[in-house]
Every structure is written in structure tokens, then in C-alpha cells.
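Shown next, in C-alpha cells, is the structure this report addresses.
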Amino acid sequence: FPSIYPEPFGIVGLEAMAAGRPVVAFDVGGVREWLKTGINGYCAPRGNTEAYTGYLRTLLSDMSLATELGTAGWLLLKQQYSHDRHIKKLEKTYERLRNL
């Protein structure tokens with residue numbers, strides 16, 4: 001996910017996690033909200049292509065690590081960003097607004 005634009009959230013990373021893939025991205029915008037370096041992928045400093053490609057090389061040369069991080073990302077996605085959790089948060093928000 002090589003965007004240098006300050007993505008508000010960067011949904012494409014979550015799409016990769018849904019496919020069980022680790023993510024490598026630049027540290028921009030909301031990426032830090034869901035990308036945990038060494039847990040579900042790697043977050044390189046914005047524009048640091050050497051760090052970015054280094055992380056890609058690491059994952060491409062170690063399929064066991066790539067699988068481990070991809071699985072962790074998939075679990076994180078299911079726990080933190082499931083449809084049920086999203087709906088519950090929306091319901092709470094609407095309830096709070098209704099009670100204003």
C-alpha cells in the first residue's frame with residue numbers, strides 16, 4: 001500500500017487483511033489505526049522507499065513470517081472491524097444523537 005497521500009483510513013489495507021495478507025504501507029493518515037508493525041505487516045516512514053522495499057523483501061523471502069502476519073491481520077480485522085461491531089458502533093452513535 002504505497003500511498004503517500006494522507007489517507008483518512010486506507011481501506012485497501014483492510015481488504016488485504018481480509019484476504020489474509022500482511023500489509024506494507026507508508027505511515028500516512030489513518031494507516032496507523034489498523035497497521036501494527038511486526039504484528040500484521042510493516043509501516044514504513046512516509047516516502048522512505050528503502051524501508052518500504054526492505055519490508056517487502058523481508059516478507060517475500062520469509063513465507064512463514066508472511067503467513068503469520070497475514071493471519072494476525074485477518075484476526076485483527078475480524079475482532080476490530082467486523083460488520084457486527086461496525087453496526088453496534090453506528091447504533092450507539094445514532095442513539096446518542098437521538099438523545100441530544
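- A search for side-chain contact (heavy atoms from CB on, under 4.5 Å) contacts involving T53 returns R57, not counting sequence neighbours.
- From E68, atom CD reaches atom CG of N40 across 11.5 Å, with rounding to the nearest 0.5 Å.
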Without placing hydrogens or testing angles, list every side-chain donor-acceptor pair under 3.5 Å for residues 16-26, not counting sequence neighbours.
residue	atom	partner	partner atom	Å
R21	NH1	A19	O	3.3

Which donor-acceptor pairs under 3.5 Å do the side chains of residues 69-79 make with protein atoms, sequence neighbours left out?
residue	atom	partner	partner atom	Å
T71	OG1	T67	O	2.9

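- In this structure, the side chain of Y52 engages the main chain of F1 through a donor-acceptor pair within 3.5 Å.
- Under the 4.5 Å side-chain heavy-atom criterion for Ile, Leu, Val, Met, Phe, Trp and Tyr, I39 and L56 are members of distinct hydrophobic clusters.
- What you find for Q80 and R85 is that their closest heavy atoms are O-CD, 3.3 Å.
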Residues 90-97, side-chain donor-acceptor partners within the protein, below 3.5 Å, at least two apart:
residue	atom	partner	partner atom	Å
T93	OG1	K89	O	3.0
E95	OE1	R98	NH2	3.4
E95	OE2	R98	NH2	2.8
E95	OE2	N99	ND2	3.3

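- Residue pairs meeting the salt bridge (Lys or Arg N to Asp or Glu O under 4.0 Å) criterion with at least one member in residues 32-48, sequence neighbours excluded: D27-R32.
- At a threshold of 4.5 Å between non-hydrogen side-chain atoms, the residues L35 and Y42 do not count as touching.
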Between side-chain atoms of residues 3-10 and protein atoms elsewhere (two or more places apart, or another chain), which donor-acceptor pairs fall under 3.5 Å?
residue	atom	partner	partner atom	Å
S3	OG	Y5	N	3.2
S3	OG	E7	OE2	2.8

